[in-house]
Protein chains: 2
Amino acid sequence: MSPTRRRGDALTTAIFQAVLSELAESSFEELTFDKIASAAGTGKAALYRRWSTPAELVLAALSDPATGFGEPPAPPGTGTLRDDLIALLEQFVRALDEPRGRALLPLIAHRHRHPELFEQVHRLVIRPHQEVLLSVLRQAVDRGEAAPGSLTPRIVSVGPRLILLQAWEGGLVDSCEITSIVDEVLIPLTRP
Amino acid sequence: MSPTRRRGDALTTAIFQAVLSELAESSFEELTFDKIASAAGTGKAALYRRWSTPAELVLAALSDPATGFGEPPAPPGTGTLRDDLIALLEQFVRALDEPRGRALLPLIAHRHRHPELFEQVHRLVIRPHQEVLLSVLRQAVDRGEAAPGSLTPRIVSVGPRLILLQAWEGGLVDSCEITSIVDEVLIPLTRP
DNA sequence: CCATTAGTGAACAAAGTTGTTCCCTATTTG
DNA sequence: CAAATAGGGAACAACTTTGTTCACTAATGG
């Protein structure tokens with residue numbers, strides 16, 4: 001019945017994908033080695049050999065470049081603030097449609113129950129993305145496209161937050177909504 | 001040890017508060033008659049006598065005027081859009097600091113797992129509040145304070161959404177943040 | 001003061017679920 | 001081809017936890 005017995009990275013990647021999928025449709029507390037093993041089509045022993053807690057596994061899956069957020073996002077560098085913002089938010093929306101993105105939602109929602117885990121997720125995933133957004137705004141300020149006062153964490157967070165809630169409510173966010181957020185909210189908000 | 005044996009409404013109210021508290025610090029799926037009974041300091045039989053499912057209990061607690069959102073919110077009617085918005089959002093923030101408000105968060109977060117329950121919560125709580133916000137905007141349009149194009153569900157949702165995510169992340173939202181949201185986002189967004 | 005209603009607390013068992021390990025064998029490597 | 005490594009699957013038991021009901025008694029009301 002099994003096509004072949006996987007080993008090494010092939011198996012690890014399958015396990016990571018299983019972790020993120022399970023996380024995406026439940027929550028961290030419901031994550032068990034049992035479910036992960038069956039979702040990955042392997043036995044629990046293969047998991048126990050490598051990780052000892054679900055938290056380790058989640059962080060490993062999120063850190064992996066293939067399945068998670070292994071490398072920080074690239075700055076778009078389109079030359080204008082508007083296009084940079086649209087590119088970043090579209091990238092964000094695309095990520096939220098993948099398992100790695102959907103896996104973030106339960107972690108964010110229950111952040112207060114697992115502060116240490118969320119802290120690492122924040123460092124690993126959220127902060128780098130905020131940094132990119134901030135650098136985009138900084139360049140816009142240098143070009144005179146945005147007010148220097150826009151460089152606050154608060155303002156930086158508005159775009160991702162609106163996207164996040166939209167994704168939470170409706171599922172996928174279409175690009176028309178992204179441009180609407182950029183043009184009606186973010187650009188007015190940062191105008192010099 | 002028990003001061004007195006409660007009956008009728010006194011007991012019902014205690015049960016409702018227990019339901020909302022339990023919900024506030026966990027989620028709907030973790031809500032059991034067991035936990036509710038101990039939180040309310042009563043036995044499970046008293047619950048079984050009245051309700052047969054946790055969903056019924058949640059809706060009853062949210063519908064109750066004393067513990068939940070029994071009566072729709074009053075329009076502020078301050079005379080200006082800015083003050084109306086601030087009043088509404090502050091009311092919202094205050095509700096989110098009470099059990100009835102915190103109980104909404106898990107219901108919203110897991111809305112896809114319990115569509116029928118969320119649908120009723122939406123009708124009972126969310127829609128009436130949206131209606132008030134919309135009527136405030138409508139009055140502002142009539143006075144010429146806001147653009148007629150502002151009367152969209154999307155724009156109406158921006159304020160509550162920003163508050164909601166802020167509450168999710170940080171706990172309580174102070175009024176300085178509310179005025180900042182109103183002045184920097186909502187007013188520019190609705191300007192004629 | 002008695003009868004009725006309704007709350008309390010515990011009993012009771014059932015059920016599902018999870019952590020952990022062991023054996024067998026497919027794959028790899030020398 | 002043989003030895004070593006590591007995956008697959010299942011066994012195993014234990015535990016937690018819940019739903020449901022029963023007998024007892026405090027409160028109510030005639």
Side-chain angles (χ1 to χ4, degrees), chain A residues 1-61 64 66-67 103 106 110 113-114 117, chain B residues 1-61 64 66-67 103 106 110 113-114 117:
Chain A
M1 187 50 77
S2 68
T4 180
R5 181 181 283 191
R6 298 157 300 180
R7 297 188 139 218
D9 285 356
L11 181 60
T12 303
T13 297
I15 292 172
F16 285 166
Q17 286 172 337
V19 168
L20 296 181
S21 298
E22 287 299 309
L23 198 51
E25 54 196 32
S26 56
S27 66
F28 178 69
E29 25 257 329
E30 298 171 63
L31 202 61
T32 65
F33 277 28
D34 236 54
K35 293 178 190 165
I36 296 168
S38 21
T42 183
K44 286 186 272 188
L47 304 184
Y48 276 97
R49 190 188 299 277
R50 302 164 189 226
W51 307 275
S52 49
T53 70
E56 277 182 48
L57 239 176
V58 167
L59 286 172
D64 187 85
T67 60
H110 293 162
R113 290 205 213 174
H114 314 279
L117 175 60
Chain B
M1 187 50 74
S2 68
T4 179
R5 181 181 284 192
R6 298 156 300 181
R7 296 189 141 218
D9 284 356
L11 181 60
T12 303
T13 297
I15 292 172
F16 285 167
Q17 285 171 337
V19 168
L20 296 180
S21 298
E22 287 299 309
L23 197 51
E25 54 196 33
S26 56
S27 66
F28 178 69
E29 26 257 329
E30 298 171 63
L31 202 61
T32 65
F33 277 27
D34 234 54
K35 293 179 190 166
I36 297 168
S38 14
T42 183
K44 287 186 273 189
L47 304 184
Y48 276 96
R49 190 187 299 278
R50 301 166 189 223
W51 307 276
S52 50
T53 69
E56 277 182 48
L57 238 176
V58 168
L59 285 172
D64 187 85
T67 60
H110 293 163
R113 289 203 213 177
H114 314 279
L117 175 60

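Chain letters run A, B, ... following the sequence lines, proteins first and then strands; every chain starts at 1.
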Exercise: identify the closest heavy-atom pair between [X] and [Y]:
X        : Y        : answer
Ala18(B) : Ile36(B) : CB-O, 3.8 Å
Pro54(B) : Phe33(B) : N-CE1, 3.6 Å
Gly41(A) : Arg6(A)  : O-NH2, 3.2 Å

Donor-acceptor pair present, Lys44(B) side chain and dT20(D) base, under 3.5 Å
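Present.
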Nearest-nucleotide pick for [X], side chain only, options being [options]:
X        : options                  : result
Arg7(B)  : dT5(D), dT28(D), dT21(D) : dT28(D)
Ala45(B) : dT21(D), dA6(D), dG7(C)  : dT21(D)
Arg5(A)  : dG19(C), dA6(D), dA27(D) : dA6(D)
Arg50(A) : dT18(D), dG7(D), dA6(C)  : dG7(D)

Looking for any heavy atom pair under 4.0 Å, which part of the strands does Arg6(B) touch: base, sugar-phosphate only, or nothing?
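Sugar-phosphate contact only.
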Under 4.0 Å, heavy atoms only, any strand: does Tyr48(A) hit a base, just the sugar-phosphate, or nothing?
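Touches a base.
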Between atom [atom1] in [X] and atom [atom2] in [N], what is the gap in whole Å?
X        : N       : atom1 : atom2 : value
Ile36(B) : dT18(D) : CD1   : P     : 11 Å
Leu11(A) : dG9(D)  : CG    : P     : 11 Å
Leu47(B) : dA10(C) : CG    : C1'   : 15 Å
Glu29(A) : dT17(D) : CD    : C1'   : 16 Å
Glu56(B) : dG19(D) : CD    : P     : 14 Å
Asp9(A)  : dT5(D)  : CG    : C1'   : 16 Å

Contact nearer the 5' end of DNA chain D, comparing Asp34(B) with Gly43(A):
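Counting from the 5' end, the first nearest nucleotide belongs to Gly43(A).
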By nearest nucleotide on DNA chain D, pick out whichever of Arg49(B) and Thr32(B) is the more 5' one.
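First, find each residue's nearest nucleotide; the 5'-ward one identifies Thr32(B).
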Donor-acceptor side-chain pairing of Arg50(B) and Thr12(B) below 3.5 angstrom:
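Side-chain D/A pair, Arg50(B) to Thr12(B): present.
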When rounded to the nearest 0.5 angstrom, what distance separates CD in Glu22(A) from OG1 in Thr32(A)?
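Rounded to the nearest 0.5 Å, the CD-OG1 separation comes out at 7.5 Å.
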